[in-house]
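This report concerns only the one structure given below.
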2 protein chains.
Amino acid sequence: MPLTLDALAILDAIDRRGSFARAAEELDRAPSSLTYAVQQMEAELDVLLFDRSGHRARFTPAGRVLLEEGRALLGAAQTLENRTRQVASGWEPRFALALEALLPWAPLVPLLDAFYALGQTTEIRVRQEVLAGSWDALVSGCADLVVAGGAPPPGAGVRTRPLGVLEFVFCVPPGHVLSRAGKPLTQAEVAAHRAVVIADTARNLPLRSAGWLQRQPRLTVDDLPAKLAAQQAGLGVGALPRWLAETEIAAGRLVGCAWAGGNPRETFYLAWRSGESGRALDWFVRALSQPGVFAGVFDAE
Amino acid sequence: MPLTLDALAILDAIDRRGSFARAAEELDRAPSSLTYAVQQMEAELDVLLFDRSGHRARFTPAGRVLLEEGRALLGAAQTLENRTRQVASGWEPRFALALEALLPWAPLVPLLDAFYALGQTTEIRVRQEVLAGSWDALVSGCADLVVAGGAPPPGAGVRTRPLGVLEFVFCVPPGHVLSRAGKPLTQAEVAAHRAVVIADTARNLPLRSAGWLQRQPRLTVDDLPAKLAAQQAGLGVGALPRWLAETEIAAGRLVGCAWAGGNPRETFYLAWRSGESGRALDWFVRALSQPGVFAGVFDAE
DNA sequence: CAATTCGTTCAAATTATTCGAACATGCCGC
DNA sequence: GCGGCATGTTCGAATAATTTGAACGAATTG
């Protein structure tokens with residue numbers, strides 16, 4: 001073990017304080033102890049780290065490289081130490097939260113702010129998933145906690161908590177024939193028009209369909225912004241979450257249509273694998289369950 | 001110093017060999033020595049790294065994090081050790097090569113391949129400089145070795161070695177009036193047309209002019225690709241290095257014009273600060289001096 | 001030129017680490 | 001179910017390592 005963190009810390013102190021003597025003072029060790037440690041390392045590496053020709057010792061080029069890049073090593077060691085302590089204290093090293101792509105990202109911001117304010121170094125990953133993709137991510141372990149719509153997959157192993165009901169508004173471009181119907185639309189009326197749908201991200205679970213008919217012509221896109229853009233551009237029609245549709249309709253970029261039997265709705269759930277525990281999981285379950293987090297997005301459950 | 005590289009290496013061996021006993025064998029130490037080191041680290045961190053409830057010790061989650069991320073630390077330490085030795089043996093930690101922007105990048109590729117094949121950790125930076133900018137980079141220390149055109153700056157301190165002569169072809173867009181001259185062009189004839197020139201990157205040395213007249217209208221761009229694009233787009237005229245002009249002329253994207261008194265030429269030099277030494281410098285001086293490196297770019301010197 | 005600061009050396013003291021033997025525990029084959 | 005085995009730990013002794021403080025020579029400072 002030619003390098004030791006202890007010796008790298010000595011180099012660091014020598015550089016910062018400017019001399020062996022002052023570094024020794026900072027480290028509460030005798031100067032000869034530093035001499036010993038440095039010579040030890042020089043012998044192991046078979047490299048001179050200091051130029052001792054003058055009165056005071058100066059770093060050689062090699063010594064300077066070891067000093068500077070050693071600092072990165074010391075920093076990484078410090079980080080690892082913190083991380084280990086936190087994992088031991090129950091905080092997960094990594095935590096993945098999957099959010100249904102139909103939901104806005106904004107409500108997460110204050111939540112993440114609050115989480116980071118705890119000072120934990122748990123690394124958060126937020127991923128967007130579509131339809132069954134959220135459940136898929138959960139059961140496959142790609143996500144530790146999901147906010148997903150529709151019924152959870154059978155076979156259990158998943159704990160859920162209902163969050164609220166998302167209402168959809170069927171939207172068409174301004175001037176579209178469907179906007180002139182004058183009465184609530186039915187599926188039969190809509191079937192002739194191209195639907196813009198978001199591709200399900202599920203890789204293992206059976207795909208779901210939502211808001212479109214099997215024989216309807218359709219344009220498939222990856223996410224909600226793409227769907228919105230496509231509908232704005234007049235490439236097709238389709239239902240949008242109310243929180244999004246409202247601003248678009250108010251801005252005149254889309255027209256909302258009534259739907260026969262009332263607007264479609266879907267219940268959304270918070271879900272995690274049963275049997276898992278961790279303080280980040282607990283924290284996020286509690287935080288996301290708080291009423292008001294998704295204010296303006298969900299109706300009362 | 002709660003973490004030590006030695007202890008991390010012990011964790012690594014325990015995981016790879018599957019038990020304290022076999023790890024001890026690999027490390028040529030008694031098993032109780034490993035127990036001691038692990039307990040030491042556990043005490044410093046105040047974290048249990050192994051679950052000792054069963055027959056054989058198993059990593060706790062915290063222990064596993066420390067193990068896995070500790071391996072990255074061990075790897076970095078090994079790299080730093082190599083690098084320190086290499087620097088001590090004369091290889092520069094960093095090496096900056098400035099290449100005149102009028103020259104193609106391609107000849108450097110096999111050279112860099114060969115350099116990296118040496119297994120050195122010297123970090124190479126290649127920068128493009130224009131006209132006096134190369135010399136400026138050299139004397140100011142921003143570059144350790146340059147391939148630059150024209151006379152080196154006075155005041156010495158710089159060693160040079162001629163590499164070859166770059167020939168320029170005066171190019172105009174297809175159909176341009178100058179292309180119909182029928183005889184070699186003179187500066188007076190060209191002066192009325194906008195010249196596309198590359199801005200000198202020098203920050204301290206006096207700027208140079210090349211290939212254009214003081215009173216000529218001009219469009220200044222940053223590099224050779226921009227100059228080429230501008231000339232192709234018919235924004236102006238100007239001399240291009242022969243290696244570049246030939247393909248453009250052959251493709252019909254530009255037209256080459258004869259120049260009164262023969263095409264302009266400029267000698268290019270390899271140059272470095274005298275008094276500096278280093279194995280990367282030696283290596284690159286030797287490699288770039290090899291005949292054939294710039295084949296097709298330079299004429300014989 | 002004296003006073004100071006510096007880094008090193010050396011022997012002694014102290015501390016940390018290692019070892020080996022003894023022990024307790026759980027696993028496996030019979 | 002019951003020895004045999006391999007495991008990891010404990011403990012005291014042995015060994016190796018680090019640390020200390022005093023002394024020294026060299027370079028710097030006022």
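Below, chains carry the letters A, B, ... as their sequence lines are ordered, and counting in each starts from 1.
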Value in whole Å for how far the C1' atom of D:dT19 lies from CD1 of A:I10: 11 Å
Atom-to-atom span, CG of B:L27 to P of C:dT17 - whole angstrom: 15 Å
Atom-pair distance (CD on B:Q40; C1' on D:dT9), nearest Å: 15 Å
Any B:R56 side-chain nitrogen or oxygen under 4.0 Å from OP1 or OP2 of D:dG8: no
Side chain of A:Y36 (C-beta onward), nearest among D:dT9, D:dT18, C:dC19: D:dT18
Candidate nucleotides D:dA27, D:dG8, D:dT7, ranked by approach to the side chain of A:H55 - the nearest: D:dA27
Phosphate OP1/OP2 of D:dT9 contacted by B:R52 side-chain N/O (<4.0 Å): yes
Most 5' of A:P31 and A:S53 on DNA chain D, judged by nearest nucleotide: A:P31
Residues A:R273, A:D144: salt bridge by 4.0 Å N-O rule: yes
Donor-acceptor contact below 3.5 Å, side chain A:T60 vs main chain A:L48: yes
5'-most by nearest nucleotide on DNA chain C - A:T35 or B:D28: A:T35
Integer-rounded Å distance: D:dT18 P and A:L34 CG: 13 Å
Between B:R56 and B:S19, a side-chain donor and acceptor under 3.5 Å: no
Sidechain N-carboxylate O distance under 4.0 Å for A:R94, A:E92: no
Atom-pair distance (CE on B:M1; C1' on C:dA16), nearest Å: 16 Å
Options D:dT10, D:dT9, C:dT17, nucleotide nearest the side-chain atoms of B:Q39: D:dT10
Length of the CZ-C1' vector between A:R29 and C:dA16, whole Å: 13 Å
Under 3.5 Å donor-acceptor pair, B:S32 side-chain atoms to D:dG8 base atoms: no
Atom pair distance, as rounded to whole Å: CZ in B:R58 and C1' in D:dG8: 15 Å
Contacting residues from residues 13-26 of chain B, given that a heavy atom lies under 4.0 angstrom of DNA chain D: B:S19, B:F20, B:A21, B:R22
d(CG, A:D51; C1', C:dG7) in whole Å: 13 Å
Pair A:R83 + A:E81, salt bridge at N-O below 4.0 Å: no
Carboxylate-amine/guanidinium contact B:E26 B:R16, below 4.0 Å: yes
For A:V47 against A:A62, the heavy-atom pair lying closest together: CG1-CB, 3.8 Å
